[in-house]
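Numbering of residues begins at 1 and proceeds along the displayed sequence.
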Amino acid sequence: MQPTRVSQAVMFADVSGSSRLYKRHGNTQAKLQIDNTLLGTRQIIEQHDGVVVKTLGDEIMARFLSPQMACRAAIALQRRAQEEDNLALRIGISYGDTLMDNQGDVFGDVVNDAADVSHIARGRQIVITDNLRSELPEVFQHQCEAFDCIALKGASHSRVVYRLCWESQAQPHKATAVMEVAEINQLLQAHRLSLSGPDRSQSYSPDQLPLSIGRDASAVNWLARHERVSREHCDIVFRRGKFVLRDHSTNGTYVCIEGSEPVYIRREEIPLMGSGFVALGQKPSEANSYQLQYCAQAPETTE
């Protein structure tokens, strides 16, 4: 049977700091506490007309036909975790067209986006996508604060994501959230990343990221022709006010912030602060290494 197309909200909720819980209380007690939390989570989801799709370790994936009910469930989950379990949940929700198979499993960009924003959330936070927020009634939109402007996994442009406030009073009027988005967009324009390589120089604003770098011309935005450079060597994203380089390569990347010794990363990430250079695939001291000079400009702040 072919999957059916359904517009719905997808939620991921997981226990924050579960590894510390196991170390602090031991396997038996920690697992019992997490299992009780997941059982309560399932009950609350079902009470709000949601369906649990699957449980993945200490994380639950659920779906809701109503974006509003998904948000009500998320708030109820956070309150229960705080009051009864003394645990912190990280919750991410998105909304849009999904594909659902005859077992009730869900696939598509909405699922990926929900998982992504759940990883952005900190303990006791609910982070939602712009798609979900736009579907909410006004009373819920007042409870949404612009949280960050990021490129979700696999996306070619940045989007504003929101925090659904559940511990404080709702925002007094609709203009609040709009002002915050405008403020974020204005702030973004003041950030700039300048790159200069062997055969090109270019400047990027946050909304032009992510930028992929490598030697596969069909897969990257910045072509780096060098035998030590991987096909998709690294990318640069903008996250929480910083330009961040993420290495995906075989040979790793050396990042040297001006005035400091080079830092080697491999399958890791590092913020690009101030100015300096990046060497791809080999030490910067080696002959003919592929290097990029960078300068990350941020807006001046006032006390």
Side-chain angles (χ1 to χ4, degrees), residues 1-14 41-42 44-56 59-78 89-121 125-166 174 177-178 180-181 184-185 188 206-210 237-239:
M1 176 182 282
Q2 289 292 325
T4 56
R5 189 176 297 275
V6 182
S7 293
Q8 57 188 333
V10 176
M11 170 197 292
F12 283 87
D14 76 285
T41 298
R42 176 183 288 271
I44 287 175
I45 288 169
E46 292 173 351
Q47 288 166 7
H48 289 80
D49 300 329
V51 176
V52 173
V53 177
K54 62 182 74 171
T55 301
L56 308 165
E59 181 179 58
I60 277 184
M61 174 185 171
R63 54 183 173 85
F64 300 79
L65 290 178
S66 164
Q68 184 174 347
M69 292 304 285
C71 290
R72 289 189 185 279
I75 292 171
L77 289 173
Q78 291 290 21
L89 293 181
R90 302 187 309 169
I91 298 178
I93 320 173
S94 187
Y95 179 83
D97 287 339
T98 66
L99 292 177
M100 190 165 66
D101 65 18
N102 56 359
Q103 279 81 44
D105 206 350
V106 185
F107 307 90
D109 289 340
V110 172
V111 177
N112 297 332
D113 290 350
D116 224 7
V117 293
S118 75
H119 297 148
I120 294 168
Q125 286 185 342
I126 303 167
V127 178
I128 66 175
T129 62
D130 50 350
N131 291 345
L132 179 73
R133 180 185 176 275
S134 65
E135 294 293 327
L136 293 175
E138 190 170 298
V139 64
F140 268 111
Q141 291 198 17
H142 291 169
Q143 290 180 249
C144 299
E145 292 182 351
F147 183 67
D148 204 349
C149 187
I150 60 168
L152 295 176
K153 189 174 181 179
S156 58
H157 62 280
S158 299
R159 295 160 55 185
V160 176
V161 295
Y162 296 83
R163 182 168 67 94
L164 178 61
C165 302
W166 61 275
K174 189 175 182 179
V178 176
E180 288 172 343
V181 175
I184 281 184
N185 288 331
L188 286 178
D207 58 359
Q208 292 175 297
L209 302 180
V237 298
F238 186 79
R239 190 168 64 220

Contacts of Ala9 meeting side-chain contact (heavy atoms from CB on, under 4.5 Å) (sequence neighbours excluded), chain-then-number -> Phe64, Ala70, Ile93, Tyr95, Leu132

Those residues at least two apart in sequence (or on a different chain) that pass side-chain contact (heavy atoms from CB on, under 4.5 Å) with Val51 are Arg63

For Cys71 and Leu136, the nearest pair of non-hydrogen atoms, with its separation, is SG-CD2, 3.7 Å

Across all chains, not counting sequence neighbours, the side-chain hydrogen bond (donor to acceptor under 3.5 Å, both in side chains) partners of Asn112 are none

### Message
Looking at Cys165, is its backbone amide N or carbonyl O close enough to the side chain of Gln143 to form a donor-acceptor pair, meaning the two atoms are under 3.5 Å apart?
### Response
yes

Sorted by chain and number, sequence neighbours left out, side-chain contact (heavy atoms from CB on, under 4.5 Å) with Arg159 holds for Asp113, Thr129, Asp130, Asn131, Leu152, His157

So CE of Met11 and NE2 of His48: to nearest 0.5 Å the spacing works out to 9.0 Å

Hits for side-chain hydrogen bond (donor to acceptor under 3.5 Å, both in side chains) against Gln78, two or more places apart or cross-chain, chain-then-number order -> none

Taking every heavy atom of Leu65 against every heavy atom of Pro67, the minimum-distance pair comes out as O-CD, 3.6 Å

Val160 vs Phe147 side-chain heavy atoms within contact, under 4.5 Å | no

Student check: side-chain heavy atoms of Ile60 and Ile45 closer than 4.5 Å:
yes

Next item on the list: For Asp101 and Gln103, indicate whether the former's side chain and the latter's backbone hold a donor-acceptor pair under 3.5 Å.
Entry: yes

Rounded to the nearest 0.5 angstrom, the CD-CZ distance for Glu46 and Arg42 is 6.0 Å

Here the gap from Thr98 atom OG1 to Asp109 atom CG, rounded to the nearest 0.5 Å, amounts to 11.0 Å

Closest heavy-atom pair, Arg90 versus Ala121, reported as atoms and distance to 0.1 Å, is CD-O, 3.1 Å

_Side-chain heavy-atom pair Met61, Val111 within 4.5 angstrom cut-off_ = yes

Across all chains, not counting sequence neighbours, the salt bridge (charged side-chain N to carboxylate O under 4.0 Å, His left out) partners of Asp105 are Lys54

With sequence neighbours left out, the residues meeting side-chain contact (heavy atoms from CB on, under 4.5 Å) with Asp97 are Arg5, Ser7

Do the side chains of Ile128 and Ser94 get nearer than 4.5 Å, heavy atoms only? no

| said: As a quick check of understanding, evaluate side-chain contact (heavy atoms from CB on, under 4.5 Å) for Val237 and Leu209, giving each step before the final call. | reply: CA-CA 6 Å; Val237 298; Leu209 302 180; 5.6 Å; no

CD1 of Ile44 to CG of Leu77, rounded to nearest 0.5 Å, is 5.0 Å

In this structure, CD of Glu135 is separated from CD of Gln141 (nearest 0.5 Å) by 9.5 Å

Query raised in the report: Would you call Gln2 and Leu99 a side-chain contact if the rule is heavy atoms closer than 4.5 Å?
Result: no

Q.
Quick check: do Glu145 and Tyr162 have side-chain heavy atoms less than 4.5 Å from each other?
A. no

In short, side-chain hydrogen bond (donor to acceptor under 3.5 Å, both in side chains) pairs touching residues 66-77 with sequence neighbours left out are none

Note: Ile91 and Ala74 closest approach over all heavy atoms is CD1-O, 3.7 Å

Residue set satisfying side-chain hydrogen bond (donor to acceptor under 3.5 Å, both in side chains) with Ser118, at least two apart, ordered chain then number -> none

### pair Phe140-Leu164: side-chain heavy atoms closer than 4.5 Å
yes

